[in-house]
Number of protein chains: 2
Amino acid sequence: MLDTRETIMTLARAIVQAHGYQGLSFRDLAKAVGIKSASIHYHFPTKADLGAALARRYGEDARATLDGFLAETSDPATLLRRYVAVFRRALENDNRMCMCGFMAAEHDDLPEAVKSEVRAFADINVAWLAQVLRLADPAADPTATEKRAFAIFAAIGGAQLAARSRGDIALFDSIVESYCATGLIPA
Amino acid sequence: MLDTRETIMTLARAIVQAHGYQGLSFRDLAKAVGIKSASIHYHFPTKADLGAALARRYGEDARATLDGFLAETSDPATLLRRYVAVFRRALENDNRMCMCGFMAAEHDDLPEAVKSEVRAFADINVAWLAQVLRLADPAADPTATEKRAFAIFAAIGGAQLAARSRGDIALFDSIVESYCATGLIPA
DNA sequence: ACCTGAACACCGTTCAAGT
DNA sequence: ACCTGAACACCGTTCAAGT
């Protein structure tokens, strides 16, 4: 038996991962929750409040998941494989995509509070990737490592977007294989 | 003095590159054109018709641009630099992005006729990139070359998305530099 | 051939009213 | 504390009516 507020957030996340922030309708969301659309506003006064809460929680969950990986192993290749698997899982879940990736496209129509959480999500990912890259090559230049981490983050997001547009998970795998083969993602 | 239909398409393209297909409003578009929203429907009966026309034209224009590059040089490094510059130009234009990249995210809410044009746009890009990769390495396995072309297309789209989310063109340049340094994009 | 105003069911938001 | 119905200005779409 979940809190109404938690139910709203869980269902809203799934909607945004499929339809974006612009595609999130309070009426549809309310229907899914089983209350009226005006009641959503009791828990989240505006759509901006809901969007910011969703993006913040998304980042917190990502951080927990990624730190969980680091607690289990310090083998860079394993860690990167698990990282890629997280993005694959979104596609497996009815061809959904990273919520903040979708929001990145919607940047111009995002309230400022949502924009800053989307930025924070990217920061969490890049910081974790940089940490893993340092495990693989501790002697590397820190600035170059950070750049490389951002490149991996961006490339995996692009692979997810390309695969989503065709509804083809095999394409995601194929693109990631190329990233590994060319050396963007270290094996 | 442009055709009304052409004016609609030009202004609509700029809107979709900034706000997506979902963010394209007939009322806003009509205001920009200088007619009433009901009049847009005379030229494009439904939003799906307009969206499909936009995506098709976008692909035709891309093909013309890319073939123009090939007519001027057959140096792979130069061609790839020009290809990257096309995506950079969208960001330079008020932080806009590739129209079909945005539409890829909106996949679930796209009419079928628009979806197929988005797919066709990707095909045009991948075919051109594969052609350039063959210039660089004619002996390479054709299947691997095609995979590599798709990886480059996806990665550049991801770089554009990441840079857009921060409104930071320097980040786009930095990510592309990493793609070149790691060997994903051949120099 | 091209445009318009008015209507329809939708959207986020507000608010007075319920329990 | 939590929910609701009704209203507001918005959305794409339709259509009869204008020129």
Side-chain angles (χ1 to χ4, degrees), chain A residues 1-55 99 102-103 105-115 117, chain B residues 1-55 99 102-103 105-115 117:
Chain A
M1 182 52 182
L2 273 177
D3 200 38
T4 302
R5 193 189 147 92
E6 285 304 309
T7 306
I8 291 171
M9 287 194 71
T10 301
L11 296 174
R13 177 191 286 198
I15 291 173
V16 177
Q17 283 187 264
H19 305 285
Y21 178 78
Q22 301 186 78
L24 174 66
S25 147
F26 271 44
R27 281 178 172 79
D28 289 347
L29 176 57
K31 204 168 293 176
V33 175
I35 55 180
K36 298 296 170 183
S37 79
S39 306
I40 304 283
H41 291 277
Y42 175 78
H43 299 279
F44 302 95
T46 67
K47 188 173 174 179
D49 293 315
L50 174 55
L54 288 173
M99 195 180 70
F102 207 139
M103 284 177 160
E106 295 175 297
H107 176 268
D108 287 8
D109 297 292
L110 251 32
E112 193 49 56
V114 182
K115 267 185 217 167
E117 295 298 342
Chain B
M1 181 56 182
L2 273 177
D3 200 38
T4 301
R5 193 189 147 92
E6 286 304 309
T7 306
I8 291 171
M9 288 193 70
T10 301
L11 296 173
R13 177 191 287 198
I15 292 172
V16 177
Q17 284 187 264
H19 306 285
Y21 178 78
Q22 300 186 79
L24 174 66
S25 147
F26 270 44
R27 280 177 172 79
D28 289 347
L29 176 56
K31 203 167 295 178
V33 175
I35 56 180
K36 299 295 171 184
S37 79
S39 306
I40 305 282
H41 291 277
Y42 175 78
H43 300 278
F44 302 95
T46 67
K47 188 173 174 178
D49 293 316
L50 174 55
L54 287 173
M99 194 180 72
F102 208 140
M103 285 177 160
E106 296 175 296
H107 176 269
D108 287 8
D109 297 292
L110 251 32
E112 194 49 55
V114 182
K115 268 186 216 165
E117 294 299 342

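First the proteins, then the strands, lettered A, B, ... as listed; each starts at 1.
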Point to revise | Residue A:F26, side-chain atoms from C-beta onward, closest of D:dG5, D:dG12, C:dG12 | key: C:dG12
Exercise for review: With heavy atoms under 4.0 Å as the rule, sort B:D49 into base, sugar-phosphate or nothing.
Suggested key: nothing
**Study point:** Closest non-hydrogen atom pair between A:A53 and A:F44, with its separation
**Key:** CB-CE2, 3.9 Å
Exercise for review: Describe the nucleic acid contact of A:L29 in one word from base, sugar-phosphate, nothing, applying a heavy-atom distance below 4.0 Å.
Suggested key: nothing
Check your understanding: According to a strict under-4.0 Å criterion, is A:Y42 in side-chain N/O contact with OP1 or OP2 of D:dC2?
Key -> yes
Check your understanding: About how many Å separate CG of A:L29 and CD1 of A:I35, when rounded to the nearest 0.5 Å?
Key -> 7.5 Å
Point to revise | Whole-Å gap separating C1' (D:dC3) and CZ (A:F44) | key: 16 Å
Practice item. For B:H19 and D:dG12, give me the distance from atom NE2 to atom P, rounded to whole Å. Key: 13 Å
Study note, to complete from the structure: One should read off an interatomic distance between A:M9 CE and A:D3 CG, to the nearest 0.5 angstrom, of 11.0 Å
Review point. Does D:dC3 have a Watson-Crick or wobble partner in any strand here, with both distances under 3.5 angstrom, and which is it?
Key: none
Exercise for review: Nearest whole angstrom, please: distance from the P of C:dG12 to the CG of A:L50.
Suggested key: 10 Å
Study note, to complete from the structure: Tightest non-hydrogen contact, residues A:L110 and A:K115, listed as O-CE, 3.3 Å
Check your understanding: Hey, is the side chain of A:H43 poking within less than 4.0 Å of OP1 or OP2 on D:dC3, counting only N and O atoms?
Key -> yes
Practice item. Answer yes or no: does a side-chain N or O of B:S39 lie under 4.0 Å from OP1 or OP2 of C:dT4? Key: yes
Practice item. Would you confirm whether A:E106, through its side chain, and A:Q22, through its main-chain N or O, come within 3.5 Å as a donor-acceptor pair? Key: yes
Check your understanding: For D:dC10, does OP1 or OP2 lie under 4.0 Å from any side-chain N or O of B:S25?
Key -> no
Study note, to complete from the structure: Answer for the Watson-Crick or wobble partner of D:dA9, both distances under 3.5 Å, is none
Check your understanding: Tell me: NZ of B:K31 to C1' of C:dT4, nearest whole Å?
Key -> 16 Å
Check your understanding: Just by modelled atom types, is the B:L24 backbone N or O under 3.5 Å from a matching donor or acceptor in the B:K47 side chain?
Key -> yes
Check your understanding: Tell me: NE2 of A:H41 to C1' of D:dG5, nearest whole Å?
Key -> 14 Å
Exercise for review: Report the distance from atom CZ of B:R27 to atom C1' of C:dT4, rounded to the nearest whole Å.
Suggested key: 13 Å
**Study point:** Base partner of D:dA17, which must satisfy Watson-Crick or wobble distances under 3.5 Å
**Key:** none
Review point. Could you state the CD1-P distance from B:I40 to C:dG5, rounded to the nearest angstrom?
Key: 14 Å
Check your understanding: Below 4.0 angstrom from OP1 or OP2 of C:dC3, is there any side-chain N or O of B:T4?
Key -> yes
Review point. What integer distance in Å separates B:Q22:CD from C:dG12:C1'?
Key: 15 Å
Exercise for review: Among the candidates C:dC3, D:dC15, D:dC3, find the nucleotide nearest to the side-chain atoms of B:I35.
Suggested key: C:dC3
Check your understanding: Where each residue is assigned the nucleotide of DNA chain C containing its nearest heavy atom, which of A:L24 and B:K36 is assigned the position nearer the 5′ end?
Key -> B:K36
